[in-house]
Number of protein chains: 2
Amino acid sequence: MLTQSEENYLKAIYALSETGGEAISTNLLAEKMATKPSSVTDMVKKLSDKGFISYQKYQGCDLTVIGKKIALEIIRKHRLWEVFLVEKLNFGWEEVHEIAEQLEHIQSPKLTDHLEEYLGFPKVDPHGDPIPDKNGLFEVLNKSIPLSELNVAEKGIVIGVEDGSSDFFQFLKRYNIGLGTEIIVAEKFSFDQSVLVKVNHTEISFSSLVSNKIFIQKR
Amino acid sequence: MLTQSEENYLKAIYALSETGGEAISTNLLAEKMATKPSSVTDMVKKLSDKGFISYQKYQGCDLTVIGKKIALEIIRKHRLWEVFLVEKLNFGWEEVHEIAEQLEHIQSPKLTDHLEEYLGFPKVDPHGDPIPDKNGLFEVLNKSIPLSELNVAEKGIVIGVEDGSSDFFQFLKRYNIGLGTEIIVAEKFSFDQSVLVKVNHTEISFSSLVSNKIFIQKR
DNA sequence: AAAAATTTTTAGACAAGGCTAAATTAATCA
DNA sequence: TGATTAATTTAGCCTTGTCTAAAAATTTTT
Ligand SMILES: [Mn+2]
Ligand SMILES: [Mn+2]
Ligand SMILES: [Mn+2]
Ligand SMILES: [Mn+2]
């Protein structure tokens, strides 16, 4: 039985290994976990002793097969609960992440499976992220690309956003952007990577930070 | 923000104050929490410092108004989740208590209220226990009495059972006893307080331990 | 009203998870 | 290549919640 803290570390390591590919450095993980490198070193030793990650001093860490399995189970629970909150309890997609951070740690495989069935075996969560099945498998979805990779005059619809910060959702809400929203790139400015887009009949300038968090399917 | 441990103590103190009336002794609480008296002393000091219970050395403790409010919020969540698990996810009434022990600690008043609405504002949980509303109020239900208080030849239907031990639910299941089951008292034996009853066309002898955990409405 | 038994508290220790400051190793640059 | 900088680990301390053993207070018995 893992503690919540251990589970959160595994989840973070999984997320970092998805983007990057390399072994995950102590500092990187510390930043992701919003904690100190020394604390990470301690935890990483423990997780390594328990066989969930591989770790060598100064070389960073990476998930083992079993560690990855556990990480995917937590992600599965997180995303299923998010679907539940939005579909059944009428939460907005911007409100559910924090609550799912708690619910993802509930220990009951049977609960997870019943929930999945009750929700009709959803394939994606409210932010467009794929939901792993019982065996940790999920479809690699319609290759979505970040908005920042569209060229001028290209058009696409939003099929996902980076899940996490509540501020970011506030921002999206302000401009009425959600799954399915159409976005057209009007101009790109290379000096700061900002992009001028047309959304809902309004022109908006997105910083590169924003355009990298909105995922698009080309039209 | 209370820790899970603090919440569990408040819940236990509430439960003990419902049966008994007196201030709750350290040993009694230790037994209820399945922990050592010295640990209870520590926690009880902390809860007292925080204003959730009144406590004087050697005199036991009792909930303050605010402490009782919190205890009722946790009980409210526990029972709402139990209803959810049985009504929506098709769990058996004997399986839900352990899972609700975890879910009761999820922090989100909005979640609790949405869940309650989604469930149609249920008044009782799957074991016949009343569900406090947003303000901590609940109906004192159709005065149920323990089976042990029925006299010979009297008859009643099960409207509640003591929630908790999974073993006890196993036992009830074995004899096909659930909410609504009719029970007739055939004979009572004063030497050991056991009672011979007729249930589902079968005669069964219940120990006093059992007959005190089954709650009945007379017919 | 003592003595004995029981209950409760205190003292000291431990594991988990975190932090700061110092030491060490690795990486970069002159 | 050596010196400097950056990354990482170690050492030592803190808090929470638990435990055991010992001390103190209260209750019960004689
Ligand atoms: Mn999320
Ligand atoms: Mn989490
Ligand atoms: Mn219960
Ligand atoms: Mn609990």
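Quick note on labels: first sequence line is chain A, next is B, and so on, each numbered from 1. What you see is a predicted model; the values in this text were computed from it and never measured.
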Name the residue closer to the 5' end of DNA chain C, choosing between Gln4(A) and Val44(B) according to the nucleotide with the nearest heavy atom. Val44(B)
5'-most by nearest nucleotide on DNA chain C - Thr35(A) or Ser25(B): Ser25(B)
With rounding to the nearest 0.5 Å, note down the distance linking CD1 in Ile106(B) to CD1 in Ile74(B). 12.5 Å
First locate atom NZ of Lys69(A), then atom CZ of Arg76(A), and finally report the distance between them rounded to the nearest 0.5 Å. 11.0 Å
Can you check the [X] [atom1] to [N] [atom2] distance for me, whole Å?
X	N	atom1	atom2	value
Met43(B)	dT15(D)	CE	P	16 Å
Met1(A)	dA16(C)	CE	P	16 Å
Gln56(B)	dT7(C)	CD	C1'	17 Å
Lys45(A)	dA11(D)	NZ	C1'	10 Å
Ile24(A)	dT8(D)	CD1	C1'	16 Å

[X] side-chain N/O to [N] phosphate OP1/OP2 under 4.0 Å:
X	N	result
Lys57(B)	dA24(D)	no
Asn27(B)	dT8(C)	yes
Tyr55(A)	dT8(D)	no

What are the two closest non-hydrogen atoms of Lys77(B) and His105(B), and how far apart are they? NZ-C, 4.2 Å
So, for His127(B) and Phe169(B), is the gap between ring centers shorter than 6.0 Å? yes
Ring of Phe168(B), cation from Lys213(B) - is the NZ or CZ under 6.0 Å from the centre and inside 45° of the axis? yes
Lys68(A) NZ/CZ over Tyr14(A) ring centroid, <6.0 Å and within 45° of normal: no
Specify whether Tyr118(A) and Phe84(B) have parallel, tilted or perpendicular ring planes, treating 30° as the upper limit for parallel and 60° as the lower limit for perpendicular. perpendicular
Output, in order, the C-alpha distance, side-chain angles, deciding distance and verdict of side-chain hydrogen bond (donor to acceptor under 3.5 Å, both in side chains) for Asp125(A) and His78(A). CA-CA 9 Å; Asp125(A) 81 4; His78(A) 181 105; 5.8 Å; no
Asp42(B) has a side chain; which of dT18(D), dT16(D), dG18(C) sits nearest to it? dT18(D)
Using atom names, set out every protein N or O paired with an N or O of nucleotides 20-25 of chain C below 3.5 Å, distance rounded to 0.1 Å.
{"from": "dT20(C)", "atom 1": "O4", "to": "Ser38(A)", "atom 2": "OG", "distance (Å)": "2.9"}
{"from": "dT25(C)", "atom 1": "O4'", "to": "Tyr58(A)", "atom 2": "OH", "distance (Å)": "3.2"}

Scan side-chain atoms only and decide if Gln107(B) and Glu7(B) contain a donor-acceptor pair under the 3.5 Å cut-off. yes
Using a strict heavy-atom distance below 4.0 Å, which residues from residues 5-12 of chain B are in contact with DNA chain D? Ser5(B), Tyr9(B)
